[in-house]
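Numbers here are sequence positions counted from 1. Quick caveat: nothing in here was measured; it's all calculated off a predicted structure. Just so you know, ligand 1 is whichever comes first in the structure, and atom 1 is the first atom listed for that ligand.
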Amino acid sequence: MKSIAAILGAFILTGQASAVSLLLPPKKPKNIILMIGDGTGLVHLYAAYVAKGGQLDIYAFAKHIGLSITASANDFVTDSAAGATALSIGSKTNNGMIGVLPDSSKRETIAETAAKKGLSTGAVVTCELPHATPAAFYAHQPSRKMYAEIVKDMTANTAASILIGGGLPYFDTNALKSAGYSVSVGTETMSKNTGKRQICFIDTLKEPLPVAQRGPTLVHGSVHAIQHLSKNKKGFFLMIEGSQIDWGAHNNDSAHTIAEAIDFDLAAGEVLKWAKNNKRTLVIITADHECGGLTLHDYDKVNKRPTMNFSSGHHTAEPVPVYAFGPGSEAFSGVYQNTAIYHKMMDLLNLKSK
Ligand code: MG
Ligand code: ZN
């Protein structure tokens with residue numbers, strides 16, 4: 001009987017290198033960083049690529065690309081609550097619902113399951129923390145509008161080791177401290193927050209400002225969160241959201257949409273460079289849905305950006321791209337439902353749905 005080495009040798013000699021890779025166990029990541037560009041379809045990122053003079057780190061790093069179908073349980077067009085819930089619990093729910101099934105029953109999120117298995121988890125966003133996307137990973141409520149209940153859920157949820165975003169006025173800082181959070185306010189003080197469990201508010205506002213006034217808080221927050229989470233030898237799960245790309249698109253505001261998409265790519269660039277060096281981190285960059293029905297018809301020479309035509313002020317049903325880099329990234333090629341992203345991530349982290 002031939003030894004494995006002899007068989008492998010024969011494959012190599014006959015030039016069947018791909019057959020060799022089939023015999024080897026697929027590489028699994030220790031860490032997953034899921035980046036969500038809210039409302040960010042194929043065209044939003046391409047607009048940013050054109051505006052940056054033909055360069056985007058997401059394009060440069062992407063190894064495997066797929067398409068995610070974003071319809072919710074009760075609507076052809078999803079909202080951010082059902083869109084993020086599909087990614088956080090792996091089941092379709094109704095628009096407006098946070099971390100629950102259509103019958104309002106709670107389901108454990110990937111962040112909660114990962115934390116139970118000893119991984120560290122966190123979220124970095126450019127919206128207020130109780131907003132739909134981050135809430136879907138750390139709260140369970142039948143309506144995204146139930147901010148008081150969502151804030152209570154997020155305060156009490158021990159799954160998060162670090163939360164970075166806006167919305168300070170919604171939270172009771174004493175309750176946060178009692179729950180074990182080390183609280184900081186402002187991007188400058190974020191790096192000085194060395195607590196075991198951290199909540200870092202980027203400003204004192206209810207809703208963070210657009211990137212032009214806000215500055216690169218997403219980059220700083222992403223770097224700070226990775227530094228904190230990567231201390232855990234068992235690994236981590238981090239969700240990073242470019243929240244306001246969607247807001248620019250709702251307002252059909254080309255400049256804001258592009259600026260937020262460029263800011264998202266800036267954060268992605270830092271994340272991808274870190275992941276490349278780390279070698280055991282899978283980075284998935286996708287969206288919860290498209291927003292604005294965006295098309296590019298021409299190039300605006302004066303503003304040095306594409307001429308953007310929004311066909312809607314709302315979300316659309318267009319499937320959204322999924323860009324993956326790192327160990328396990330090949331699993332993200334193909335066309336699939338948004339819920340499949342959750343199941344692929346769970347499988348790659350050896351986690352079981354509950
Ligand atoms: Mg969002
Ligand atoms: Zn939206």
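A 6.0 Å sphere centred on OH of Y59 holds more than 12 heavy atoms belonging to other residues, nucleotides or ligands. When the shell of 6.0 Å around NZ of K52 is examined, it contains more than 12 heavy atoms from other residues, nucleotides or ligands.
Applying the side-chain contact (heavy atoms from CB on, under 4.5 Å) test between F236 and each of T121, I162, I33 identifies I33 as the sole match. For the side-chain contact (heavy atoms from CB on, under 4.5 Å) test with R107, the passing option among I89, T93, V100 is I89; the others fail.
Using a 4.0 Å cut-off between charged nitrogen and carboxylate oxygen, K273 and E270 count as a salt-bridge pair.
Here D38 reaches the Mg ion (ligand 1): one of its N/O/S atoms is less than 2.8 Å from the metal. At a cut-off of 2.8 Å, H289 does not coordinate the Zn ion (ligand 2) through any N, O or S atom.
Counting just the N/O/S atoms of H315, the one with the shortest distance to the Zn ion (ligand 2) is named NE2. The atom of D246 that is an N, O or S and sits closest to the Zn ion (ligand 2) is OD2.
Vertex the Mg ion (ligand 1); arms to E241 atom OE2 and T133 atom OG1; angle 80° (nearest 10°).
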